Amino acid sequence: MNIEKFFNVPLKADLNIPKGSNPLWYQARERIFTMIARVSAFLGTASLLLTAPTMTSLLETFLPYALILILVWVLGLARNIRYRWRAVSFLAMAYGMGVVEALNYGFSVECFVFFMGFVSLSALLSPRRGSLATLLLALVTLGVFAVAIGAKMFTPFVVLARGGTLSPASVQAGINNLLVFSGGALAVTISIIALLENLQSAWQKESASLDLLQQERDLLEQRITARTLELQDAEVKYRTLVEQLPLVAYRDSADSAALTHYISPQIEAMLGYSQSAWGEDSELWHKSVHPDDREHARQTIEETLRNGSAVMEYRLFSIDGREIWVRDNSALVRDENGQPLFVQGTLEDITAQKQADEQIRKLSQAVEQSGSSVVITDLDGNIEYVNPQFTKTTGYSFEEALGQNPRILKSGRQGIEFYQKMWAIISSGKTWRGVFHNKRKDGSLYWESATITPVINPGGGVTHYIAIKEDITRQKEVEDALHQSYQAQSVLNSLLSLALEDQTLEEMLDRALNVILTIPWLPTLPKGGIFLVDESLNTLALKSHKNLDASLLTMCGRVPFGHCLCGRAAAEAKTQFANCVDTRHDNTYAGMQPHGHYNIPILLRDEALGVLVLYLDAGRARDPREEAFLEAVTSVLASMIRDKQAERELSQARDQALDASAFKSQILSRVSHELRTPLSGVLGYAELLQFEAFGALNDEQRNAASQIANSARYLEYMIQDLLDQSQIDAKSIALYVEPFSPAELLARVEASLSTLARNKGLYIQSDIAPDLPASIVGDENRIQQVVVNLVGNAVKYTRQGGVTIRLYRPSSERWAIEVRDTGAGIPEATRAYIFEPFRRLDNSITRENRGAGLGLSIARQLVDLMGGEILLESEVDKGSAFTVLLPLIPATGEFT
Ligand code: ADP
C-alpha cells in the first residue's frame with residue numbers, strides 16, 4: 001500500500017454532493033476530513049500503544065480509548081459512509097471527549113484542545129450555520145462547566161477521586177478561561193468561515209464563468225453539429241447530384257500525371273471499369289485513351305494547366321474494347337494563393353452524338369451527291385435548300401432558288417386542282433407522290449416524279465417539306481412510245497383476230513375498216529375505204545367504204561392504176577399523202593369539201609393487193625409515226641386478204657376433191673359389183689373344168705383351167721379389197737360384233753395360208769398366251785380379214801424363214817395379235833405411207849409379188865373402226881412385226 005496515498009488521500013470522485021454546495025470544496029472537505037481522521041487514528045493508536053503499559057485500569061482508560069480509536073479508524077477508512085454522518089460522528093466524538101475531559105479533570109489543556117478541535121474542525125467540515133452552532137455548543141458547554149466547577153457545584157470525577165486542584169478555581173477564573181477560549185475559537189471559526197466564504201465566492205464566480213464557458217461551448221458544439229449536418233447534407237446532395245448527372249465527374253491531381261482523386265460511379269456504366277479501379281491504377285486513363293488521340297489529350301491537359309480550363313473530344317476504350325467518344329470539360333482549381341490544387345471536370349459520352357454527326361455527314365453527302373433533285377422548303381413553300389442535282393435539272397443555282405417558291409418551275413400544264421390536292425395531302429402531315437410537268441429556267445419542259453414528305457419534329461408538328469424528285473422525261477417519252485406501240489399493237493391484234501373469224505373477205509374488210517376508223521388516237525376523219533386490185537384489168541375495185549359521198553362512190557368504184565391518189569399508191573406501191581385537194585386528185589366533183597389523205601398501198605412482198613384510203617382535215621401535217629403505223633395496219637391487212645383469198649381457193653379445191661372422191665367411190669363400188677358377177681361365173685366354170693365336169697382334161701388343159709381359176713380368185717380378192725376400200729371411204733362399212741374364239745380364228749387363218757407358205761418353204765408358227773380369254777367379243781370376220789392381210793403380206797414378203805403369229809394380252813383392257821416375219825423388212829421412211837391406199841414399196845420383193853396396195857390400208861382402217869391400233873416394228877433384211885391391239889371385251893356365258 002502506498003503510505004503517501006493512505007494519508008494524502010485523493011479526491012473522492014463519486015462523492016454525493018448536495019445541491020448548491022461548492023463541489024470542489026465539498027470534495028476537499030471530505031478529503032481533509034479523511035486525512036485528519038486517518039492521521040488522528042494513526043497518532044491515537046501510536047499513543048495508545050505507547051501509553052498502554054503505563055495504564056492502570058484497562059477497563060477505564062484503555063478500552064474507551066481503544067473503542068474511540070476504532071471509531072476514528074472506521075470514519076477515516078470507510079469513505080463510502082455518507083460524509084455528513086462521518087463528519088457529524090467525528091465532531092460528536094471530539095465534543096464528547098471534551099465533555100468527558102471536563103467531567104473528569106475540569107478545565108484542562110486536553111479539555112480545551114478537544115473543544116478547540118471540535119470548534120475548528122466543525123468550522124472546517126460543516127456549513128456555516130453548523131459551525132456557528134458548534135461554537136455556541138462549545139461555549140455553552142464550557143460556560144456550564146465554568147460556572148458549575150467555579151461555584152463548586154460540581155467537582156470533576158478524577159479530582160473528586162484522587163484529589164487535586166480544581167480548575168477553574170472560581171467562576172471568575174472559569175469565565176476568564178472561557179473568554180480566552182472563545183476568543184481563540186471565534187477567531188479560528190471566523191477566519192475559517194471567511195476563508196470559506198472567499199473560496200465560495202471565488203468558486204461561484206469561477207463556476208459562473210465556467211457555466212458561461214460551458215454554455216458557449218454547448219452553443220458552439222450545437223453550431224458545429226448543425227454545420228456538420230448541413231455539410232453532410234450538402235455533401236450528400238451534391239454527391240447525389242454529381243452521381244446522377246448523365247456525366248462522369250472527376251478530380252485529378254494538378255500535374256501532367258493527372259492522378260485520379262475522385263471519379264463518379266457513372267464511369268462504370270460508361271467504360272466498364274469500377275470507380276475504385278481509377279484510384280488504384282494511376283495509368284488507367286492514359287491506357288484507355290485511343291492511341292490516335294493521346295497527343296491531343298496531352299496537349300489539352302497542358303492547356304488546362306496553362307489557361308485554367310479546356311474542352312476536348314477524344315476516344316476512350318471501354319473495358320470490352322468498345323470505342324467511346326467523350327467530351328472532356330476540364331477546369332483547374334487553385335488555392336487562395338493561386339497555387340494549382342487539382343484539375344476537375346466532367347466526361348460526357350458523345351458516342352451517339354458522334355455517330356449521329358457521322359450519319360448526318362453521310363446523309364448530307366448523299367443528298368449533295370444524289371442523282372435526284374432534293375428541295376427543302378419551309379411551311380409556306382419558301383425554298384431553304386436545293387442540292388446540286390436540282391441545279392443540274394432546272395438550271396436554277398442554289399442562290400437563285402433560295403427563298404423562292406417552287407412555283408417558279410410551274411409549266412402551267414397541270415391544273416390548279418392538282419396543286420391544291422398536293423398541298424392538302426402534305427399539310428395534313430402525309431406523303432404525296434406524283435408527277436410534275438415542270439419548266440426549266442431556260443423554258444424547256446420536263447417531267448419529274450416527286451415524293452414530298454413533311455418533316456415532323458419530335459413534338460409532332462410539321463416544320464418543313466422535303467421534295468425528292470427524279471427527272472423522268474426520257475422515261476416518259478419511252479413510256480409514251482410504248483403506250484402508243486401498245487395501242488398500235490392492240491389495233492393490229494384486233495385486226496388479226498378478225499382474220500380468225502368465219503366470214504367472207506368483204507365482211508372482213510368492212511369490219512377491218514370499222515376498226516381502223518374508230519381508233520381514238522388516230523387523227524383521221526371517220527371516213528375512208530379499202531380497194532382491192534383486180535389484176536386482170538389493172539384497176540382497183542372499191543370493196544369496203546364508210547361515210548363516203550354518193551358521187552364519190554360512183555366515181556371511185558373502179559380506179560385504174562396510176563389514176564388519182566389511190567391509183568398512184570397502187571402503181572407506185574408507196575403511201576400517198578395530201579394535206580389538201582391538190583393536183584394529184586384526179587377524181588373531184590362539185591361540192592367536194594377540202595380535205596387531206598393518207599392513201600396507203602396494201603402490200604404483200606412489194607406487190608399491191610389493194611389500197612387503204614383515209615381522210616384527214618385539210619392542212620393536217622404528215623406524221624411519220626402515223627404513217628408507219630398505218631403501213632403496219634396495211635401489211636396486216638395484206639396478209640389477212642391473202643389468207644382469205646387462199647382459204648377461198650383451198651375450200652374450192654377441197655370441194656372439188658371431195659366431189660371427185662365421192663365419184664370415185666361410186667364408180668368403184670359399181671364397177672366392182674359389175675365385175676364380181678361375171679367373175680364368179682368365170683371362177684365357177686374354171687373350177688368345173690378343173691374337176692373335169694365337162695370331160696377329162698389333158699395336163700395342158702388342166703394347167704390352163706388352174707391358171708384361169710387362180711387368176712379369177714386373185715381378181716375376186718382384188719375386187720373384194722376395192723369394195724372394202726370404197727365402203728370404208730364412203731363410211732358405209734358396219735361391224736358385226738359377237739363372241740368368238742380367237743383360237744379358232746387363228747386356226748382358220750393358218751389353214752388358209754399354210755399351203756402358200758409351204759409352197760415357198762416357209763413355216764407358220766402360232767402361240768396363244770394362257771391368260772387370253774377363250775372367247776372374245778368382236779367382229780370375227782373383219783378381224784380375220786385383218787390377220788389374213790398381215791399374215792398374207794408376211795408370207796408374200798419373206799423369202800426364207802417363216803411367220804410367227806402370237807395372240808396375247810398386253811394389259812387387262814386389250815388383246816394383241818402379233819404377226820412377225822423374217823422377211824425383207826420395211827425402211828423407216830416408208831412406214832408412214834404403206835398404210836395409205838394403193839401405196840406399195842419400190843423394192844424387188846414387192847415387184848415380185850402381186851398386189852394393189854390396199855391390204856394394210858384396209859387393215860388399218862378396220863382396226864381404227866374397232867377402236868384399236870396397229871404398231872409396226874421392222875428392220876430391213878431382218879423382218880417385220882405388225883401388232884394389232886384391240887379392246888378386250890371378254891364374252892360372258894358358255895365361252896368363258
Ligand atoms: P400389197 O397388196 O402390195 O401387199 P399392202 O397394203 O398389203 O399392199 O402392203 C403395202 C406394201 O407394204 C407392200 O406392197 C409391201 O411393199 C409392203 N409390205 C407389207 N407387208 C410387208 C411385210 N410383212 N414385209 C415387207 N414388206 C411388206
Side-chain angles (χ1 to χ4, degrees), residues 2 4-41 72 74-95 98 113-141 181-228:
N2 191 331
E4 209 222 307
K5 274 242 178 96
F6 182 72
F7 292 110
N8 186 14
V9 293
L11 284 175
K12 184 163 161 53
D14 56 351
L15 203 60
N16 191 9
I17 298 160
K19 256 199 174 153
S21 305
N22 178 340
L24 275 178
W25 175 233
Y26 197 85
Q27 276 182 319
R29 269 200 319 218
E30 192 272 345
R31 183 178 168 225
I32 292 166
F33 165 76
T34 309
M35 282 157 64
I36 290 172
R38 289 187 186 182
V39 170
S40 320
V72 175
V74 168
L75 294 178
L77 291 174
R79 288 182 86 177
N80 283 342
I81 298 171
R82 257 178 98 171
Y83 164 68
R84 184 184 291 231
W85 294 116
R86 285 164 71 201
V88 168
S89 310
F90 196 75
L91 288 174
M93 216 161 56
Y95 175 74
V113 167
F114 283 129
F115 273 107
M116 186 55 91
F118 173 59
V119 170
S120 56
L121 275 173
S122 173
L124 195 68
L125 300 178
S126 344
R128 191 168 47 174
R129 255 185 299 152
S131 57
L132 286 176
T134 311
L135 181 61
L136 198 63
L137 179 66
L139 289 177
V140 170
T141 310
F181 173 79
S182 58
L186 207 60
V188 169
T189 305
I190 287 171
S191 59
I192 289 176
I193 287 178
L195 179 73
L196 292 180
E197 285 291 301
N198 280 342
L199 256 171
Q200 178 72 13
S201 79
W203 167 75
Q204 269 172 348
K205 268 189 211 150
E206 191 190 290
S207 65
S209 57
L210 265 175
D211 275 357
L212 261 176
L213 266 175
Q214 184 63 38
Q215 277 173 17
E216 284 286 317
R217 217 183 96 178
D218 289 352
L219 265 174
L220 206 64
E221 260 175 16
Q222 273 173 16
R223 287 225 312 264
I224 287 171
T225 313
R227 188 82 188 113
T228 310

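What you see is a predicted model; the values in this text were computed from it and never measured. Values below: all heavy atoms of this structure, side chains included; hydrogens, waters and symmetry mates excluded.
Looking at heavy atoms from C-beta onward, W25 lies in side-chain contact with I32 at the 4.5 angstrom threshold. By the 4.5 Å heavy-atom criterion applied to side chains, T34 and R86 are counted as neighbours. Considering only heavy atoms from C-beta on, R38 stays 4.5 Å or farther from V72 through its side chain. Side-chain contact between S120 and T189 is absent, with no heavy-atom pair separated by less than 4.5 Å. Within the 4.5 Å cutoff, the side chain of W85 has no heavy atoms near those of the L75 side chain. Two residues are said to be in side-chain contact when any heavy atoms from C-beta on lie closer than 4.5 Å; F181 and L139 meet this criterion. Annotation: side chain of Y83 is not in contact with side chain of N16 (no heavy-atom distance under 4.5 Å). Proximity of N8 to R31: side-chain heavy atoms (C-beta onward) are separated by under 4.5 Å at one or more points.
M116 CE to S182 OG: the interatomic distance, rounded to the nearest 0.5 Å, is 9.0 Å. Interatomic distance, OG of S131 versus CG of L196, reported as 8.0 Å (0.5 Å rounding). I193 contributes atom CD1, which lies 12.0 Å from atom CZ of R129 (distance to the nearest 0.5 angstrom). Of the inter-residue distances, the one linking S40 atom OG with M35 atom CE reads 11.0 Å to the nearest 0.5 angstrom. Note that the CG atom of L137 and the CG atom of L132 stand 12.5 Å from one another [nearest 0.5 Å]. To the nearest 0.5 Å, atom CG of residue L219 and atom CD of residue Q214 are 10.5 Å apart.
Among all heavy-atom pairs drawn from L91 and F118, the shortest one is O-CD1, 3.1 Å. For the pair L121 and I36, the tightest heavy-atom approach, listed with the atom from each and the gap, is CD2-CD1, 3.6 Å. In plain terms, the two heavy atoms of A37 and F90 that are nearest each other are CA-CE1, 4.2 Å.
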Exercise. Would N80 and K12 count as a side-chain contact (heavy atoms from CB on, under 4.5 Å) if you check the C-alpha gap in whole Å, the side-chain angles of each, and the deciding distance to 0.1 Å?
Worked result: CA-CA 9 Å; N80 283 342; K12 184 163 161 53; 3.3 Å; yes
From CA spacing to verdict: side chain to side chain donor-acceptor pair (under 3.5 Å), S126, R29:
CA-CA 9 Å; S126 344; R29 269 200 319 218; over 6 Å; no
Quick one, E30 with L11, criterion side-chain contact (heavy atoms from CB on, under 4.5 Å). Give me CA distance, side-chain angles, the key distance, then yes/no.
CA-CA 8 Å; E30 192 272 345; L11 284 175; over 6 Å; no
Chi angles and distances behind the side chain to side chain donor-acceptor pair (under 3.5 Å) call for Q215, D211 = CA-CA 6 Å; Q215 277 173 17; D211 275 357; 5.9 Å; no
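Between Y95 and F115, the ring planes are perpendicular. Angles over 60° get that label, and only those under 30° would be called parallel.
Donor-acceptor pairing under 3.5 Å is lacking for the side chains of Q222 and D218.
Side chain of Q27 to main chain of L15: no donor-acceptor pair is present (N/O by atom type, distance under 3.5 Å, no hydrogens or angles).
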